[in-house]
Amino acid sequence: MATNHDTTPRSQNLRDRNLTFDWILGLILLLAAFLYGWQIWKAGSANAFYTAAIKSMTESFKNFWYGSFDPAGYITVDKPPVALWFMAISAKIFGVHGWSVVLPSVLFGIGSVYLIYRLVKPYFGTTAGRLSALAMTLTPIVVANSRTNNMDATLIFFLLLALLMLEKAITSQKLFQLLISFALIGIAFNVKMLQAFMILPAMYLFYWLAANEKWQQKLKKLTFATVSLLVFTLALPLSTDMTSASKRPYIGGSETNSLMELAFGYNGTERLLGQTTGTGGTFGGGMNSKSSNKKGGMPTGGKAPGNMKQGAQQEQGTPGGKKMTGMPGGNTGKKGGPGKMGTGGGGGGAFDIGTIGPFRLFQSSLGPQISWLLPFALIGLIGALAFFRDRRKRWYNLTHQQKQLVLWTGWLVPVYGFFSVASFFHPYYMIMLAPPIAALFGVGVTALTSLFKKSQRTDWKFYLLPLAIVATAALQSWYVFSYYPWLTWLILAAGLIIAITLIVIGYRSLAKPLTVAGIITILVAPTWWSLTPTIAAESAMIPTAGPSLLTSGQGSGMSGGMGSSQVNTKMLKYLEKHQGNAKYLFATSDSSTAAPYIIKTGKAVMAMGGFNGTDPAITLKQFKQLVKTGQLKYYYSSGRSGNTKIVNWIKKHATKVKISLYQSSSSQNMQQGFGQFGTTGESASTSKSMTSQKPSKQAESKFNGKKSNSKMPTKPQGGKQKMPSDGNKQHKPNQAAQKTTVKHKNSHGGMDGMGASGVLYDLTTIYK
């Protein structure tokens with residue numbers, strides 16, 4: 001039977017969709033607002049790395065424009081500034097608070113839900129639009145990302161907005177709207193760089209297929225669109241790189257002080273091939289236990305991949321010595337459940353990204369964050385392509401609906417492929433897959449239900465709906481087993497009963513209620529996973545979702561005050577008292593140590609080597625000049641990686657400040673109890689690392705609400721740690737012990753760790 005699905009003109013659909021208010025969509029948007037925004041007033045310092053930059057960006061337009069990490073404009077964060085612009089504007093209006101820096105992400109997350117509806121409804125109907133919006137709302141990693149001040153929620157909004165403008169350009173045949181569409185991708189590039197370009201193949205292909213124009217006209221318009229893309233992509237990076245280095249901050253994360261190099265190196269090829277570290281090694285994700293043991297774990301002293309903040313490397317289950325696969329749920333599976341791997345909310349830790357391969361996104365490391373509805377979406381795609389086919393035409397003559405499916409498939413496939421083989425990313429990057437999965441799920445439900453009603457038992461399309469329900473239920477039952485074995489059997493039994501009933505009884509009148517029951521069944525678990533960040537008030541630097549957020553007794557965002565619990569108050573008072581006219585309150589090796597002091601005081605703190613302490617942002621000669629001219633009076637050694645030449649010069653010539661002047665008596669006793677390991681300052685960091693992991697439940701280290709397996713870091717995880725051998729910027733001794741717990745407490749309101757047991761040097765005595 002021939003079916004024509006193009007009877008209603010797209011322009012008519014586009015006009016009609018704005019005539020009435022969809023109250024069900026309104027409820028979905030309210031649900032999104034609740035999930036993304038509830039308890040953000042408990043966000044603490046959220047991602048302190050970016051929050052410090054937001055604080056600095058409110059101090060001057062120069063800092064704002066370049067995304068400076070510190071108020072003095074010394075160095076930027078390791079991402080473009082566009083997403084931070086929105087957060088800085090919010091902070092400028094409302095003040096720098098946890099909720100004010102997170103608010104733009106909340107709004108962008110809600111906006112993305114609405115855009116999904118707007119993109120799906122005109123071609124597949126109101127029901128499909130609503131279901132797609134609901135699926136987007138209830139994707140766990142979307143909730144987690146929308147509750148933090150990372151860039152991902154902003155990125156997704158701009159990508160979806162670009163697609164909406166592309167749809168309008170095709171409908172209206174106006175070049176201006178096409179230029180805007182590709183310009184938005186250029187803006188998205190300056191949100192999170194090459195990640196935005198992942199959907200470009202889909203956009204080019206879709207326009208070529210869907211635009212009702214001659215091929216010469218299509219080619220001409222796409223050429224202009226590409227120019228628009230390049231202009232908006234390169235304007236900021238090129239203008240930044242062409243500005244004299246003396247008139248702007250150093251580009252954090254780069255080796256050559258170049259935003260272009262940052263885009264195509266650290267945030268580009270290294271995401272695919274593996275994160276190059278300062279030791280000359282690489283951080284490669286997706287290892288199995290054998291390969292990771294051979295590599296000896298994560299190399300020390302290098303750049304922590306992505307947005308992973310210092311100290312979380314060991315805490316989050318680095319690749320070294322740990323298998324990246326396994327059952328879901330991390331290491332807190334109930335009743336001895338199979339989940340023994342990694343940490344994080346039901347999926348894995350910051351480095352737990354599964355084993356490279358075509359089914360990587362279904363594995364327990366990544367699946368519980370994104371893949372709950374992926375089986376239904378894939379089967380729904382097959383069914384939708386069949387259902388929306390016009391049998392009066394040849395198979396390659398696509399209908400409008402099939403062209404829309406090409407668009408979403410063109411988004412899904414390249415992104416899925418990249419994350420299946422990439423060596424370096426974090427689980428929260430999975431938000432890139434949320435829009436196509438949500439759209440194909442919504443379309444799939446309506447298409448499979450219609451196919452079931454119209455097909456006979458002898459037709460293979462009759463079985464697609466039952467298959468989609470039972471396959472999705474089976475995957476979900478595996479994901480939840482580590483936490484809720486009873487829910488495993490409930491989901492699996494319900495899915496099987498519904499699927500068998502559909503096949504055996506086959507009553508067409510029961511198709512709709514049974515489908516509704518099936519959809520409810522497969523939405524129960526992802527809904528609960530999505531609720532956990534909201535209940536736990538999570539606003540973490542490494543966003544995640546899952547029941548483990550609730551087992552720790554508090555969410556990561558429940559710390560009191562904007563970084564106040566992370567600051568050594570006694571040291572801060574001492575430094576403020578003796579700062580005088582110095583430009584910097586003090587210098588330290590890395591951004592993680594500096595961030596809480598910038599947030600609390602708004603004063604310039606020099607993160608000498610940027611995010612990890614390894615950026616070549618300053619030379620020894622330049623550093624000496626700052627000290628000689630009185631612009632810098634103190635250096636705090638936290639025991640982390642730093643510029644070896646500068647650190648050694650400081651330790652050789654500077655005077656250690658008497659420990660009683662900036663440390664509490666408990667910190668002094670702890671430091672003395674573990675002894676000094678020479679003059680490098682590692683003892684302080686090691687003692688802090690060791691004492692911050694007491695076996696008592698109250699003192700157990702937590703990262704993103706997950707209890708750590710780590711005990712006493714006398715041996716680094718992942719086997720023997722390799723020491724730097726190239727004379728680069730790394731601080732050589734015992735970094736594995738130093739980094740074990742330094743940072744993970746900071747985003748969760750635990751022990752401060754920032755200046756609690758390091759060494760403070762007085763630089764003013766050098767040139768006296």
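This structure is a prediction, so every number in the text was calculated from the model and none was measured.
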K.L.:
Give the C-alpha distance, both sets of side-chain angles, the deciding distance and a yes or no for side chain to side chain contact (heavy atoms under 4.5 Å, CB included) between W65 and L236.
P.N.:
CA-CA 10 Å; W65 181 254; L236 180 61; 3.7 Å; yes

K.L.:
So, are D762 and K633 salt-bridged, with charged N and O less than 4.0 Å apart?
P.N.:
no

K.L.:
In terms of the angle between their ring planes, are F86 and F108 parallel, tilted or perpendicular, with boundaries placed at 30° and 60°?
P.N.:
perpendicular

K.L.:
Answer yes if the side chains of S258 and D241 hold a donor-acceptor pair under 3.5 Å, and no otherwise.
P.N.:
yes

K.L.:
Is a side-chain donor-acceptor pair under 3.5 Å present for T256 with S254?
P.N.:
no

K.L.:
Taking all heavy atoms of S56 and all of I598, pick out the closest pair and write down the distance.
P.N.:
OG-CG2, 3.6 Å

K.L.:
Which residue, Y574, Y584, Y761, forms the ring-ring contact (aromatic ring centres under 6.0 Å, His included) with Y634?
P.N.:
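Considering Y574, Y584, Y761, a ring-ring contact (aromatic ring centres under 6.0 Å, His included) with Y634 is found only for Y574.
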
K.L.:
Could you check whether any side-chain N or O of N145 sits under 3.5 Å from a backbone N or O of Y428, counting only pairs where one atom can act as donor and the other as acceptor?
P.N.:
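Checking the backbone N and O of Y428 against the side chain of N145, a donor-acceptor pair under 3.5 Å is found.
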
K.L.:
Could you check, using the six-membered ring where one of them is a Trp, whether F49 and F611 have ring centers closer than 6.0 angstrom?
P.N.:
yes

K.L.:
Look up atom CE in M606 and atom CG in L585, then write down how far apart they are to the nearest 0.5 Å.
P.N.:
12.0 Å

K.L.:
Surrounding CZ of F232 (heavy atoms of other residues, nucleotides or ligands, distance under 6.0 Å), is the total greater than 12?
P.N.:
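Incorrect, the count does not exceed 12.
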
K.L.:
Please check if the side chain of N63 supplies one atom and the backbone of E59 the other of a donor-acceptor pair under 3.5 Å.
P.N.:
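Side chain of N63 to backbone of E59, a donor-acceptor pair under 3.5 Å: no, none is there.
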
K.L.:
Do the non-hydrogen side-chain atoms of M57 and L84 ever get within less than 4.5 Å of each other?
P.N.:
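With C-beta onward as the side chain, the pair touches.
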
K.L.:
How many angstroms lie between CE in M260 and CE in M242, if you round to the nearest 0.5 Å?
P.N.:
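Answer rounded to 0.5 Å: 12.0 Å.
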
K.L.:
Just verifying a value: how many Å separate S239 OG and Y66 OH, rounded to the nearest 0.5 Å?
P.N.:
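It is 6.5 Å, given to the nearest 0.5 Å.
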
K.L.:
Go through the steps to decide whether Q631 and Q625 satisfy the test side chain to side chain contact (heavy atoms under 4.5 Å, CB included), and finish with yes or no.
P.N.:
CA-CA 9 Å; Q631 297 181 69; Q625 184 64 22; 5.7 Å; no

K.L.:
Can K624 be said to sit on top of Y767's aromatic six-ring, NZ or CZ under 6.0 Å from centre and within 45° of the ring axis?
P.N.:
no

K.L.:
Check whether any side-chain N or O of Y597 sits under 3.5 Å from a backbone N or O of N568 as a donor-acceptor pair, and report yes or no.
P.N.:
yes

K.L.:
Supply the atom-to-atom distance L575 CG to L661 CG, rounded to the nearest 0.5 angstrom.
P.N.:
11.0 Å

K.L.:
Between the main-chain N or O of K192 and the side-chain N or O of K79, is there a donor-acceptor pair closer than 3.5 Å?
P.N.:
no

K.L.:
Of the non-hydrogen atoms in V102 and A43, which two are nearest, and what is the gap between them?
P.N.:
CG2-CB, 4.2 Å

K.L.:
How are the rings of W649 and H653 set to each other: parallel, tilted or perpendicular (split at 30° and 60°)?
P.N.:
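Aromatic pair W649/H653 classed tilted.
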
K.L.:
Mind listing the closest non-hydrogen atom pair of L620 and I646 along with its distance?
P.N.:
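That would be CA-CG1, 3.8 Å.
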
K.L.:
Apply the test side chain to side chain contact (heavy atoms under 4.5 Å, CB included) to residues E255 and E261: give CA-CA distance (whole Å), side-chain angles for both, the deciding distance (0.1 Å), then the verdict.
P.N.:
CA-CA 8 Å; E255 294 293 323; E261 183 246 308; 4.0 Å; yes

K.L.:
With a 4.5 Å cut-off on side-chain heavy atoms, are T601 and V567 touching?
P.N.:
no

K.L.:
Once you measure the plane-to-plane angle for F586 and Y636, does it fall in the parallel (<30°), tilted (30-60°) or perpendicular (>60°) bin?
P.N.:
perpendicular

K.L.:
Does any part of the side chain of T240, heavy atoms only, come nearer than 4.5 Å to the side chain of R248, both counted from C-beta?
P.N.:
yes

K.L.:
Measure across P249 and T76 and return the closest heavy-atom pair with its distance rounded to 0.1 Å.
P.N.:
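Closest approach of P249 to T76, heavy atoms only: CB-CG2, 3.6 Å.
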
K.L.:
Kindly compute the distance separating CD (Q39) from CD (E538), expressed to the nearest 0.5 Å.
P.N.:
12.0 Å

K.L.:
What are the two closest heavy atoms between T148 and P543, and how far apart are they?
P.N.:
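Where T148 meets P543 most closely, the heavy atoms are CG2-CG, 3.6 Å.
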
K.L.:
For A604 and K583, which heavy atoms make the closest approach, and how far apart are they?
P.N.:
CB-O, 3.6 Å

K.L.:
Going by heavy atoms in the side chains, are F189 and P80 under 4.5 Å from each other?
P.N.:
no

K.L.:
Go through the side-chain N and O atoms of N150 and N47 and say whether any donor and acceptor fall under 3.5 Å apart.
P.N.:
yes

K.L.:
For W38, does its backbone N or O pair with a side-chain atom of R147 as donor and acceptor, under 3.5 Å?
P.N.:
yes

K.L.:
With distance as the sole test, does Q195 use its side chain to make a donor-acceptor pair with the main-chain N or O of A188 at under 3.5 Å?
P.N.:
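No, because the side chain of Q195 does not come within donor-acceptor range (under 3.5 Å) of the backbone of A188.
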
K.L.:
Within the structure provided, determine whether T569 and Y662 are in side-chain contact (heavy-atom separation under 4.5 Å).
P.N.:
no

K.L.:
Taking the side chain as everything from C-beta on, heavy atoms only, tell me whether N190 gets closer than 4.5 Å to I187.
P.N.:
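A side-chain contact is absent here, since even the closest heavy-atom pair is not under 4.5 Å.
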
K.L.:
Applying side chain to side chain contact (heavy atoms under 4.5 Å, CB included), run through L107 and Y36 and close with a yes or a no.
P.N.:
CA-CA 8 Å; L107 297 178; Y36 306 164; over 6 Å; no

K.L.:
Under 6.0 Å from the NZ atom of K573, do we count more than 12 heavy atoms belonging to anything else shown?
P.N.:
no

K.L.:
Does a side-chain heavy-atom distance below 4.5 Å link S589 with S638?
P.N.:
yes

K.L.:
What's the separation between atom CD1 in I89 and atom CD1 in I93, rounded to the nearest 0.5 Å?
P.N.:
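Atom-to-atom, I89:CD1 and I93:CD1 are 7.0 Å apart.
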
K.L.:
Donor-acceptor pair, distance only, cut-off 3.5 Å: does the side chain of T51 make one with the backbone of S45?
P.N.:
yes

K.L.:
Is I75 close to M608 at the side-chain level, that is, under 4.5 Å between some pair of heavy atoms?
P.N.:
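A side-chain contact is absent here, since even the closest heavy-atom pair is not under 4.5 Å.
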
